[in-house]
Amino acid sequence: MKIFAVIDTNVIVSALLAKTTDTPPAQVLMHLLNGDFVPVFSDDILIEYLQVLKRKHKYVFEDAYVEELVWAIKQRGIEMTPTGIHEGVKDEKDYVFYEVAIAKEDTYLVTGNLKHFPQNPIVVSPKEFLKLF
């Protein structure tokens with residue numbers, strides 16, 4: 001059974017900032033890179049990943065590494081068109097993540113900000129998502 005998931009930017013940032021690989025966000029990223037689940041994305045999500053991860057005043061991630069990571073997500077994943085349905089999403093910047101997650105049936109939205117999204121079984125924390133493996 002394939003697992004599909006939209007990964008919120010905050011999970012990737014937390015994974016890259018983690019000092020060890022045993023944190024839930026770091027483990028989610030490792031599962032992604034190992035091909036254990038299929039990332040689901042849109043162009044807007046990939047653009048946000050690049051913009052956020054390349055903020056030099058905030059993070060120290062190498063541009064080449066960020067680009068390679070986003071390329072890996074694109075190569076391993078499925079691109080979906082956002083549905084336009086974002087009822088219950090509190091932050092406008094989060095609309096696209098929810099819209100893409102509900103565009104593909106049986107897709108999880110993995111986020112560290114559960115309170116930004118409606119209570120929905122597809123919206124899970126990194127720790128909850130790891131229980132699938």
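- Around atom NZ of Lys56, more than 12 heavy atoms belonging to other residues, nucleotides or ligands sit under 6.0 Å away.
- Asn113 and Thr111 share no side-chain donor-acceptor pair at under 3.5 Å.
- Contact check for Pro118 versus Val89: side-chain heavy atoms found under the 4.5 Å cut-off.
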- Output, in order, the C-alpha distance, side-chain angles, deciding distance and verdict of side chain to side chain contact (heavy atoms under 4.5 Å, CB included) for Phe4 and Ile78. CA-CA 9 Å; Phe4 299 91; Ile78 296 173; 3.4 Å; yes
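- Closest heavy-atom contact between Pro24 and Pro126: CB-CB, 3.8 Å.
- When hydrophobic clusters are built by joining Ile, Leu, Val, Met, Phe, Trp and Tyr residues whose side-chain heavy atoms come closer than 4.5 Å, directly or via intermediates, Ile47 is not grouped with Tyr49.
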- Hey, mind stepping through Phe97 and Thr9 against side chain to side chain contact (heavy atoms under 4.5 Å, CB included) and telling me if it holds? CA-CA 9 Å; Phe97 293 94; Thr9 310; 3.3 Å; yes
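- Residues Phe41 and Ile73 share a closest heavy-atom pair of CE2-O, 3.7 Å.
- Side-chain atoms of Lys131 and Val124, non-hydrogen and from C-beta on, never get closer than 4.5 Å to each other.
- Rounded to the nearest 0.5 Å, atoms CG (Leu132) and OH (Tyr108) are 4.5 Å apart.
- Pairs of residues two or more places apart, or lying in two chains, never qualify as salt bridge (Lys or Arg N to Asp or Glu O under 4.0 Å) while including a residue from residues 86-107.
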- Item | Worked check of side chain to side chain donor-acceptor pair (under 3.5 Å) between Ser42 and Asp44 | CA-CA 5 Å; Ser42 69; Asp44 289 337; 4.9 Å; no
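- Comment: Lys74 does not engage Glu79 in a salt bridge, judged by the lack of any side-chain N to carboxylate O separation of less than 4.0 angstrom.
- Counting all heavy atoms, side chain and backbone alike, Pro82 lies closest to Val100 at CG-CG2, 3.9 Å.
- In plain terms, the two heavy atoms of Ala101 and Ile122 that are nearest each other are CB-CD1, 4.0 Å.
- Not one N or O on the side chain of Lys54 forms a donor-acceptor pair closer than 3.5 Å with the backbone of Phe61.
- Looking only at side-chain heavy atoms (C-beta outward), Ile45 and Val40 stay at 4.5 Å or farther from each other.
- Atom-to-atom distance recorded for Ile12:CD1 and Glu48:CD is 9.5 Å, nearest 0.5 angstrom.
- The aromatic rings of Phe129 and Phe37 sit perpendicular to each other, their planes meeting at more than 60°, with 30° as the lower class boundary.
- At most 12 non-hydrogen atoms from other residues, nucleotides or ligands lie less than 6.0 angstrom from CD of Gln119.
- Residue Asn34 holds its CG atom at 11.5 Å from CD of Gln27, rounded to the nearest 0.5 Å.
- A distance of 8.0 Å separates CD1 of Ile7 from CG of Leu109, quoted to the nearest 0.5 Å.
- Taking OH of Tyr65 as the reference point, atom CG of Leu53 lies at 9.5 Å (rounded to 0.5 Å).
- Of all the heavy atoms in Ala72 and Leu33, the pair that sits closest is CB-CD2, 4.2 Å.
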- Message: Run the side chain to side chain contact (heavy atoms under 4.5 Å, CB included) test on Val52 and Val13 for me, step by step, so that the C-alpha distance in whole Å, both residues' side-chain angles and the decisive distance to 0.1 Å come before the verdict.
- Response: CA-CA 8 Å; Val52 171; Val13 169; 4.0 Å; yes
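- Looking at heavy atoms from C-beta onward, Phe117 lies in side-chain contact with Asp8 at the 4.5 angstrom threshold.
- Under the 4.5 Å side-chain criterion, counting only non-hydrogen atoms from C-beta, Leu17 is in contact with Tyr59.
- A distance of 11.5 Å separates CG in Asn120 from CG in Leu114, rounded to the nearest 0.5 Å.
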- Decide yes or no on side chain to side chain contact (heavy atoms under 4.5 Å, CB included) for Ile3 and Thr107, but give the supporting numbers first. CA-CA 7 Å; Ile3 299 171; Thr107 297; over 6 Å; no
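- Between the side chain of Arg76 and the main chain of Pro39, no donor-acceptor pair closer than 3.5 Å is present.
- Judged by distance alone, with hydrogens and angles left aside, the side-chain atoms of Glu128 form a donor-acceptor pair with the main-chain N or O of Ser125 at under 3.5 Å.
- Looking at every heavy atom in both residues, Thr21 comes nearest to Met30 through O-CE, 3.6 Å.
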